[in-house]
Amino acid sequence: MRPTNTARTERVFPPLLILLLAFFALDFSSKASAYTTNPFFVRNSNPKPRPARWGPPEKRDGSIPLVISNNCGDTIWPGIGTQAGTGAGTGGFELSSGDSKALTVSPDWQGRVWGRTNCSFNVAGTGASNLNGNNGAGAACSTGDCGGVLSCVLTGATPVTLAEFDLAGGTGGTQTFYDISLVDGYNIPLGITYIPGDSASLQDIPPNLTNPACIGTAGWLADPSPSGENGNSTNSTYPVPFESKQTNAMVASWCPWDLQVTQPTKPGDGVYPYPDDNIQRPIFDPCLSACSKTNSPSDCCTGAYDDSSKCSPNLYATSAKAVCPDAYSYAFDDQTSTFIIPSGGGWEITFCPEGRSTNILATFKQQLEALSQGGGKVSKEILADCMNITIINEGSKNGGERTRGEPNRFGGSLGALVVVVAWAVLW
Ligand SMILES: *[C@@H]1O[C@H](CO)[C@@H](O)[C@H](O)[C@H]1NC(C)=O
Ligand SMILES: *[C@@H]1O[C@H](CO)[C@@H](O)[C@H](O)[C@H]1NC(C)=O
Ligand SMILES: *[C@@H]1O[C@H](CO)[C@@H](O)[C@H](O)[C@H]1NC(C)=O
Ligand SMILES: *[C@@H]1O[C@H](CO)[C@@H](O)[C@H](O)[C@H]1NC(C)=O
Ligand SMILES: *[C@@H]1O[C@H](CO)[C@@H](O)[C@H](O)[C@H]1NC(C)=O
């Protein structure tokens with residue numbers, strides 16, 4: 001029995017399922033229907049066992065806000081998967097354009113949120129409606145579908161833009177790890193916004209360092225600004241470093257032609273000269289990742305390729321990274337895609353955020369190197385740099401086009417690599 005979205009009782013996942021979850025978390029050769037996970041989360045996951053519970057959290061569990069907002073023009077059906085800790089008590093629901101839903105999860109929650117599109121469920125939400133021509137069987141949504149049910153358990157079908165969280169990561173579970181992942185493809189724009197907790201030190205973290213966005217759909221990008229610092233999608237109090245080059249015309253065709261879920265047909269002979277003869281693509285143009293399409297070891301960095309020196313980013317990963325510099329684009333992309341801040345605050349996931357894709361991690365690459373070489377200590381210089389508009393403008397010239405798949409240039413262990421917003425970990 002699948003839980004429905006009205007299930008209020010706490011569900012404890014059976015041990016077998018937990019084993020399966022662990023398997024998925026570690027298994028990079030996942031089938032097209034299973035999500036991959038940022039391997040950094042797995043390596044750094046809090047060793048304390050955290051059984052996955054359905055939720056919502058009870059008082060004694062503590063609770064962290066998880067708000068899901070739909071800024072898209074169409075209805076979205078968010079899906080929520082819980083890998084560890086106590087989930088929100090729902091695995092998905094319908095969210096109309098302009099609506100927001102406030103949920104809570106436990107402080108040790110690990111899970112993911114994604115958007116499903118073009119769904120049509122039966123009244124009970126237990127399967128697809130009869131409208132899709134297959135009599136209630138099969139997928140209910142065109143992207144992100146999870147076995148046709150409204151309330152997902154763990155995963156949905158690729159391609160999806162994914163928001164991933166481990167609220168109790170790092171040593172002792174005191175840090176929140178999060179990312180926007182395009183490893184399983186891209187369907188709709190997504191942004192993550194930090195909701196500071198009650199602690200004053202958390203409230204001091206500038207939102208411009210914590211809030212990544214990925215916009216890879218034509219029509220959603222604000223105009224680029226030459227400086228990369230604004231692009232009229234933020235406000236003067238908190239200038240955010242943005243990706244500075246993409247235009248709506250460019251994001252209309254970033255997806256490598258054969259990875260489009262629905263390749264437009266060309267009138268006439270149907271033969272496509274490389275790359276695609278400038279055929280008009282649909283605005284809503286979900287894109288599979290190379291890994292989710294081919295499942296090959298070289299695309300998924302598995303087997304003989306399970307090593308950062310042997311698995312360099314493919315065309316999909318480079319294209320995705322150019323459009324969304326802060327997103328995680330392939331298995332060894334940790335250093336430019338995992339955000340880390342002290343635990344305690346909550347999160348809003350916005351589908352179709354306004355503005356532009358952010359370029360936060362690349363902008364502060366040097367500062368991060370200095371940070372990891374200094375053993376994670378935050379110097380006055382790093383702090384000053386974080387407030388330096390000149391550096392943000394410089395960062396905008398490089399975002400998304402730096403060489404990737406290079407050996408670790410940050411020095412030290414992978415752990416030190418990803419100390420991202422770690423100056424905020426001072427307290
Ligand atoms: C499918 O969903 C997308 C994203 O919400 C939307 O842009 C598109 O118009 C939908 N297509 C159909 C056929 O409803
Ligand atoms: C962004 O700025 C441009 C010019 O600076 C302006 O024409 C446009 O209306 C602005 N867009 C939004 C959404 O504010
Ligand atoms: C800018 O954004 C911050 C954070 O969302 C908000 O508190 C502030 O009022 C905004 N400032 C302006 C001038 O809109
Ligand atoms: C973040 O906001 C602070 C406070 O407004 C500002 O001084 C700083 O330059 C901003 N940093 C970035 C990376 O945008
Ligand atoms: C900002 O950074 C630039 C380039 O590193 C540097 O020349 C400048 O002095 C810095 N400005 C401040 C106010 O620190």
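We count residues from 1, following the sequence as given. Both counts, for ligands and for their atoms, begin at 1 and track the order of listing.
Atom CG of L221 sits about 5.5 Å away from atom CD1 of I215, to the nearest 0.5 Å. Rounded to the nearest 0.5 Å, atoms NZ (K321) and OH (Y328) are 10.0 Å apart.
Judged by distance alone, the side chain of D184 and the main-chain N or O of V160 form no donor-acceptor pair under 3.5 Å. Checking side-chain atoms of Q263 against main-chain N and O of D258 turns up a donor-acceptor pair under 3.5 Å.
Sorted by chain and number, the heavy-atom contacts of ligand 1 below 4.0 Å come from D74, T117, N118, F284.
Aromatic ring orientation, Y186 versus W254: perpendicular (interplanar angle above 60°, classes split at 30° and 60°).
Summarising the geometry of C255 relative to L259, their closest heavy-atom pair is SG-C, 3.8 Å, with the distance given to 0.1 Å.
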